[in-house]
Amino acid sequence: MNTISVSDARRVESVGKSVLLRGWVRTRRDSKGGFSFLEINDGSCQGNVQVVAPATLDNYESDIRKLVTGASVAIEGEIKASPAKGQATEIHATRVELLGSADPETYPLQKKGHTFEFLRTIAHLRPRTNTFGAVARVRHQICKSIHDFFHEQGFVYVHTPVITASDCEGAGALFHVTTLDLEKLPRTEGQVDYSRDFFGKPAYLTVSGQLQGEAYACALGRIYTFGPTFRAENSNTPRHLAEFWMIEPEMAFFDLQDNMALAEAFLKRIIGDVLAHCTEDMQFFAERIDKELMSRLNNVLEKPFLRLPYTEAVDILLKSGKTWEFPVAWGNDLQSEHERYLTEQHFKCPVILYDYPRTLKPFYMRCNDDGKTVRAMDVLVPGVGEIIGGSQREERLDILEGRMRDQGLDPELYSWYCDLRRYGTVPHSGFGLGLERTVLFCTGMANIRDVIPFPRTPGNAEF
RNA sequence: UCCGCGGUAGCUCAGCGGUAGAGCAGCCGGCUGUUAACCGGCGGGUCCAAGGUUCGAAUCCUUGCCGCGGAGCCA
C-alpha cells in the first residue's frame, strides 16, 4: 500500500487509490450514522484531509471515539470523492491506528483560536497550527527562490565564518565567544588576558559576512552568503532578533545602478515565486492575517522601483507640508516616518534611495565625486519600510584608508581587507537582505518572532 | 535602553475597596454526512512576586520580574 501526503490525498486525481496516510488529528466529529469524521493534517499543506472512520472498525469504541486534537494516527483506506461540501476528497478508512494520544486536559493546543503571544510560549508545538505551518512552508519557498535566483545568475554560494576574531566588522553590539572561565578570568595588569582564550584574542559571533564576501567576489565575480547573523543589541521590537538569517550578495564589476537592478529583480523573483508556488498558504494569509497583503505584493511585483537620490528625497520631505516628529534636514538620517511617507504616500510604490551623506554611512561605501555623498542605497517598500541596504564599495585604497581614519578605525586592523584594493582592485557592489523581514513582508505577519522557528531576543533563548 | 499599556480559570478577558465572574476548550449526556458543528449539564483560581496603606486589597501605593505596543539601533 502506497503512503500518501495530505496534500496529495486532497487532490481529485487521487480518487480511487488505496493509501496509507499518517499525521495528526485536528478535530474529530462523531455521527450517530455509524461513523466518525477525522480531520488529519501532516504539514504537507494548509488544508486537512477528512477521514471517514466507520463504527465497524474493531477499535472504533476503544480508540477512534477517543481520538483527540493533537493525537497522531496512521490510516489505511480508499480515497473517494466527497459527497458533502467543504472538501473534494475524503478517505474511507479500513484501519485506524492510534500512534500517540494527546491528553486534552494538558495539551495546550485545543480546537480554538490562540493568540500569537501565547503560541510563542509553546514554540515547540506552534508549528502544528495553521498559521505557523504556513509560515514555515513560505519561509522554505523564499529560501529556495533565493538559491534558485542566484544560481541561475551565475552566483556562487559562499559560507563566511560565523565566528570572527576581528572586532571591527562595523557598528552593532557583538556577542563574545570565549572558553575562558568567566568566574576566574586570567588578567594581566588588570586587563583580561585574551592571549589565553581559545583563539588567542577576543572572538565574536558575526554581524555580517560582507567583508569576507567581498574577498570571494573579488575572485569569483558573483557570490552570495546566506547564514545566521547575530546582534547583541538590546532591541525589543517586532522587527529585531538577536539571531537572524541574512542574505548578502556581492558582485565584482557592479556599480550602484547594477546593484539596484539586481535588488529589484531579486525581490520580484521571491514574491513571484511565493505567489506562484504557495497559493493555498498565501490565500490563508490574505484572508486571515492581512487583508491588504495581495495588493501590496502585487504593487511591488508590478511597479518599477523608483530611484531617488537622498538629496531629492529631503527636498520632497521638506516641501510635503507635513510636520515630522524628527526634523528633516540634509545630513540627518531619514527616520522611519520619513521613509514610510515616501514609499506609502508620496510615490505609492517601492523606492530606492541612494547617494546618502557620507557622514551617515560606514567607511566601505564608495565616495562620490561631490565630496559629500557615498554610493549607498536603501530599498523601501510600502508597509514594511527598509527591506534592503547596500552600496557600491570603495575600491580605491587611499580613499578607503582615509575613510577608516575619519571614522576612528586603524587600517592596520583591516589589512587583509585593504589587500583586496592593493592587489587587482575592481569596482564592486553588494547588499544585505534580512530573511525574516522578507518573510514578514511576504506573509503579512506582524511580529518577526513569529516567522523564525525559535526566536532569540533579549532575555529569551527558550527551546 | 526610553515612553506607554498590561499580568485574574488551560486560553481570551470582565471585575477596580466588602464572600472571584463570563465566553471559549475540557469532561459527561443528547443530536447530526459532519466540517470553527449544534443543545443541555459539570468541574476548574497562591487574582505575577515581595513589601506597604486599610477593620477589610484582585482592586489603592512602592519596588521587582515578565509580556505587548511605540521610539532608537538596524536586517
Side-chain angles (χ1 to χ4, degrees), chain A residues 26-40 47-54 66 68-70 80-87 90 92 102-122 125 129-130 170-173 206-210 225-248 288 325-326 333-337 339 360-362 378-381 384-390 431-441 446-452 457-460 462:
Chain A
R26 284 293 176 82
T27 75
R28 187 197 82 236
R29 296 179 293 271
D30 298 325
S31 168
K32 273 295 183 292
F35 41 84
S36 292
F37 297 101
L38 308 173
E39 294 267 350
I40 307 297
N48 307 322
V49 68
Q50 174 165 284
V51 171
V52 181
K66 292 176 186 162
V68 290
T69 301
K80 297 192 173 177
S82 177
K85 287 183 179 174
Q87 59 282 317
E90 60 190 28
H92 287 227
D103 183 358
E105 293 287 350
T106 55
Y107 185 59
L109 287 176
Q110 287 306 332
K111 195 172 54 180
K112 68 183 292 290
H114 294 290
T115 61
F116 293 151
E117 198 178 327
F118 169 65
L119 292 172
R120 256 169 243 153
T121 68
I122 49 168
L125 297 173
T129 65
N130 290 334
T206 183
V207 296
S208 167
Q210 180 197 318
T225 73
F226 186 170
T229 310
F230 306 88
R231 302 277 166 89
E233 306 283 352
N234 191 10
S235 308
N236 220 316
T237 84
R239 296 176 302 283
H240 290 85
L241 291 166
E243 174 183 299
F244 63 99
W245 287 63
M246 187 157 65
I247 299 96
E248 295 178 289
R288 304 293 286 273
E325 186 184 347
F326 294 89
D333 222 344
L334 295 181
Q335 303 297 317
S336 50
E337 59 171 338
E339 295 179 341
L360 298 178
K361 295 294 184 181
D378 283 347
V379 180
L380 314 178
V381 292
V384 168
E386 182 184 337
I387 195 166
I388 281 178
F431 61 82
L433 173 84
L435 175 65
E436 286 75 19
R437 289 190 181 174
T438 308
V439 180
L440 280 182
F441 180 68
N447 196 309
I448 201 164
R449 297 163 189 137
D450 297 329
V451 298
I452 189 168
T457 53
N460 188 355
E462 293 303 304

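Just so we're on the same page: letters track the sequence lines, and every chain starts at 1. The figures here come from the full heavy-atom set of this structure, side chains too, leaving out hydrogens, waters and symmetry mates.
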*Across all strands shown, which nucleotide pairs with B:C16 by Watson-Crick or G-U wobble geometry, both distances under 3.5 Å?*
none
*salt bridge (Lys or Arg N to Asp or Glu O under 4.0 Å) partners of A:Arg239, counting only residues at least two apart*: none
*asked:* Output the rounded distance in Å from CZ (A:Phe116) to C1' (B:U12).
replied: 14 Å
*Inter-nucleotide P distance (B:G10, B:G29), Å rounded*: 24 Å
*Rounded to whole angstrom units, what separation is found between the NE2 atom of A:His114 and the P atom of B:C11?*
9 Å
*asked:* If I pick the C1' atom on B:G7 and the same atom on B:U46, what distance separates them, to the nearest angstrom?
replied: 15 Å
*Give one of base, sugar-phosphate or nothing for A:Thr121, where a contact means two heavy atoms less than 4.0 Å apart.*
nothing
_N or O in side chain of A:Gln110 less than 4.0 angstrom from B:G10 OP1/OP2_ = no
*In whole angstrom, give the distance that lies between atom NZ of A:Lys361 and atom C1' of B:C73.*
12 Å
*Rounded distance (Å) that lies between atom P of B:C13 and atom CZ of A:Phe118*: 12 Å
*How would nucleotides 33-46 of chain B be written as a contact map, 5' to 3', with B for base contact, S for sugar-phosphate-only contact and - for no contact, using protein heavy atoms under 4.0 Å?*
BBB-S---------
*asked:* Quick check against the 3.5 Å criterion: does A:Glu248 have a side-chain atom that pairs as donor or acceptor with the backbone of A:Gly432?
replied: no
*For A:Asn447, which residues count as a side-chain hydrogen bond (donor to acceptor under 3.5 Å, both in side chains) partner, sequence neighbours excluded?*
none
*Partner set under salt bridge (Lys or Arg N to Asp or Glu O under 4.0 Å) for A:Arg288, not counting sequence neighbours*: none
_Using a 4.0 Å heavy-atom cut-off, does A:Leu435 contact any base of the nucleic acid, only the sugar-phosphate backbone, or nothing at all?_
nothing
*What residues form a side-chain hydrogen bond (donor to acceptor under 3.5 Å, both in side chains) with A:Glu90, not counting sequence neighbours?*
A:Gln50, A:Ser82, A:His92
*Are OP1 or OP2 of B:A71 and a side-chain N or O of A:Gln335 less than 4.0 angstrom apart?*
no
*Which heavy atom of A:Met246 sits nearest a heavy atom of A:Ser208, and at what distance?*
CE-CA, 4.1 Å
*For B:U59, give its Watson-Crick or G-U wobble partner with both distances under 3.5 Å, or none.*
none
_Suppose you measure atom C1' in B:C16 against the same atom in B:C73; what distance do you get, rounded to whole Å?_
39 Å
_Using atom P in both nucleotides, what's the gap between B:C42 and B:C55 to the nearest angstrom?_
40 Å
*Taking the same atom, C1', in B:U1 and in B:A50, what whole-Å distance lies between them?*
26 Å
*Which heavy atom in A:Ile452 sits nearest to a heavy atom in A:Trp245, and how many Å separate them?*
CD1-CD1, 4.5 Å
*Reckon A:Arg239 has a side-chain N or O less than 4.0 Å from the OP1 or OP2 of B:C73?*
no
*Please measure how far the P atom in B:C3 lies from the corresponding atom in B:C11, and state the result in whole Å.*
30 Å
*Output all residues satisfying ring pair (Phe, Tyr, Trp, His ring centres under 6.0 Å) with A:Phe431, sequence neighbours left out; order by chain, then residue number.*
A:Phe266
*Of all residues at least two apart in sequence or in a different chain, which pass the side-chain hydrogen bond (donor to acceptor under 3.5 Å, both in side chains) check with A:Glu337?*
none
_Nucleotide paired to B:C47 in any strand shown, Watson-Crick or G-U, under 3.5 Å_ = none
*Determine which nucleotide pairs with B:G26, using a 3.5 Å limit on both distances of a Watson-Crick or G-U wobble pair.*
B:C42
*Nearest whole angstrom, please: distance from the C1' of B:G72 to the CD of A:Glu233.*
10 Å
*Across all strands, who's sitting opposite B:U1 as a Watson-Crick or G-U wobble pair, both distances under 3.5 Å?*
B:A71
*Round to a whole Å and report the spacing from CG of A:Leu241 to C1' of B:A75.*
10 Å
*Between atom NE2 in A:His240 and atom C1' in B:U1, what is the gap in whole Å?*
13 Å
*For nucleotides 63-68 of chain B, just jot down a letter per nucleotide in 5' to 3' order: B, S or -, based on protein non-hydrogen atoms under 4.0 Å.*
----SS
_Below 4.0 Å: OP1/OP2 of B:C74 and any side-chain N or O of A:Ser235_ = no
_Nearest whole Å is fine: how far is B:C74 C1' from A:Leu433 CG?_
14 Å
_Could you work out, with side-chain hydrogen bond (donor to acceptor under 3.5 Å, both in side chains) as the rule, every residue matching A:Ser336, not counting sequence neighbours?_
none
*Given the P atoms of B:G70 and B:C60, what is the spacing between them in whole Å?*
27 Å
*Please state the P separation for the pair B:G56 and B:C13 - nearest whole angstrom.*
33 Å
_Pairwise distance CD1(A:Ile387) to OG1(A:Thr438) - rounded to 0.5 angstrom_ = 4.5 Å
